[in-house]
Amino acid sequence: MPVVRPATAADLPRIHIVRHGTMENRLLDPTKVTSEEAKWYLDHAIFLVSEDEAGVVQGFTCANHQSGYIWALFVIDGQHRKGHGMALLDTALDRLVAAGLRQSHLTTGAGTAAEAFYAAQGWVNRGRALNGETVFIKALERPQ
Ligand SMILES: CC(C)(COP(=O)(O)OP(=O)(O)OC[C@H]1O[C@@H](n2cnc3c(N)ncnc32)[C@H](O)[C@@H]1OP(=O)(O)O)[C@@H](O)C(=O)NCCC(=O)NCCS
């Protein structure tokens, strides 16, 4: 079972490997995700990692507690379909609810596994954005 915990600065080298270790939605323009952005998520927003049974980080997610935007969700190739993605996303959404948000949103590459993953998690497909990516939204349930 994946174990989700907050990321620390010590995780960043492994997170870098995970980020560049997926065939789909691979980062083509490295200037788009700067270390400043990663540091902001680490210091101010929601930055989580998922470990396997051996304590190795196999995935991570970053979410914006101010806007509800899921900025990143990546599980390294070879470790898919083991529950890391769902565990990370569920925990991130719990944190967004705790921050008072009622909706989350994200974009992802059209025709990717991620599209099927988000649809399976109940995200609503809102069609293509200007850059061709698919826009998803999800209403967040408030705790009873
Ligand atoms: C999208 C991603 C994060 C999913 O992570 P994951 O750890 O493989 O997902 P999970 O194991 O938690 O999957 C949970 C459920 O989602 C659905 N799902 C996941 N991958 C799927 C796929 N390729 N096709 C169809 N459904 C899928 C299934 O219902 C799955 O449950 P099951 O395995 O019991 O059938 C992962 O595929 C990934 O990192 N892709 C590359 C990077 C990427 O595209 N990130 C998104 C950028 S926004």
Side-chain angles (χ1 to χ4, degrees), residues 1-99 101-141:
M1 281 292 287
V3 174
V4 175
R5 62 167 176 79
T8 69
D11 294 315
L12 288 174
R14 175 65 183 164
I15 286 166
H16 184 80
I17 291 168
V18 172
R19 179 67 186 88
H20 294 270
T22 63
M23 286 303 291
E24 289 189 335
N25 280 313
R26 189 193 288 269
L27 191 60
L28 295 175
D29 178 0
T31 63
K32 272 191 181 164
V33 177
T34 63
S35 53
E36 284 78 14
E37 285 172 302
K39 186 166 172 17
W40 184 83
Y41 278 89
L42 200 56
D43 292 344
H44 302 290
I46 299 162
F47 201 146
L48 305 165
V49 293
S50 179
E51 293 178 344
D52 63 15
E53 294 80 357
V56 178
V57 168
Q58 304 293 10
F60 72 94
T61 190
C62 299
N64 186 317
H65 62 298
Q66 295 165 317
S67 67
Y69 179 55
I70 305 291
W71 182 58
L73 174 66
F74 287 90
V75 175
I76 197 164
D77 284 357
Q79 299 296 323
H80 293 180
R81 305 302 283 263
K82 296 183 177 182
H84 288 286
M86 195 155 68
L88 284 162
L89 192 57
D90 283 352
T91 308
L93 296 185
D94 286 348
R95 301 289 174 92
L96 293 178
V97 170
L101 289 167
R102 302 292 299 277
Q103 182 173 292
S104 182
H105 64 282
L106 59 85
T107 65
T108 196
T112 61
E115 246 190 6
F117 166 82
Y118 290 118
Q121 314 302 317
W123 288 70
V124 178
N125 184 329
R126 299 285 295 174
R128 298 286 176 88
L130 189 60
N131 65 1
E133 292 202 334
T134 303
V135 177
F136 280 100
I137 61 169
K138 187 168 193 188
L140 303 177
E141 288 178 20

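Below, all heavy atoms of this structure are taken into account, side chains as well, without hydrogens, waters or symmetry copies. Remember, it's 1-based here, ligands and their atoms both numbered in the order they're listed.
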- atom 35 (O) of ligand 1: which of Q58, R81, E115 has the nearest heavy atom? R81

- Message: If you take the nearest heavy atom of each of L73, T61, D77, which one is closest to atom 46 (C) of ligand 1?
- Response: L73

- Message: So is T107 touching ligand 1 or not, going by heavy atoms under 4.0 Å?
- Response: yes

Within the side chain of [X], is there an N or O that forms a donor-acceptor pair under 3.5 Å with the backbone of [Y]?
{"X": "D90", "Y": "A87", "answer": "no"}
{"X": "H105", "Y": "V135", "answer": "no"}
{"X": "E53", "Y": "M1", "answer": "yes"}
{"X": "T108", "Y": "T134", "answer": "no"}
{"X": "E115", "Y": "G111", "answer": "yes"}
{"X": "T61", "Y": "A72", "answer": "yes"}
{"X": "K138", "Y": "Q121", "answer": "yes"}

For ligand 1, which atoms have a heavy atom of [X] less than 4.0 angstrom away?
{"X": "A114", "answer": "1 (C), 44 (O), 46 (C)"}
{"X": "Q121", "answer": "14 (C), 15 (C), 16 (O)"}
{"X": "T108", "answer": "46 (C), 47 (C), 48 (S)"}
{"X": "K82", "answer": "11 (O)"}
{"X": "A120", "answer": "17 (C), 29 (O)"}
{"X": "G83", "answer": "10 (P), 11 (O), 12 (O)"}
{"X": "A116", "answer": "24 (N), 25 (C), 26 (N)"}

- Item | H44 atom NE2, neighbour heavy-atom count above 12 within 6.0 Å | yes

- Query: Taking atom CZ of R5 as the centre, does the number of heavy atoms from other residues, nucleotides or ligands within less than 6.0 Å exceed 12?
  - Reply: yes

- Is it the side chain, the backbone, both or neither of W71 that has a heavy atom closer than 4.0 Å to ligand 1? neither

Should [X] be counted as touching ligand 1, given the test is an N or O pair under 3.5 Å?
{"X": "M86", "answer": "yes"}
{"X": "F117", "answer": "no"}
{"X": "A113", "answer": "no"}
{"X": "T112", "answer": "no"}

- Message: Students often mix this up, so state it plainly: with edges at 30° and 60°, are the rings of Y118 and W123 parallel, tilted or perpendicular?
- Response: perpendicular

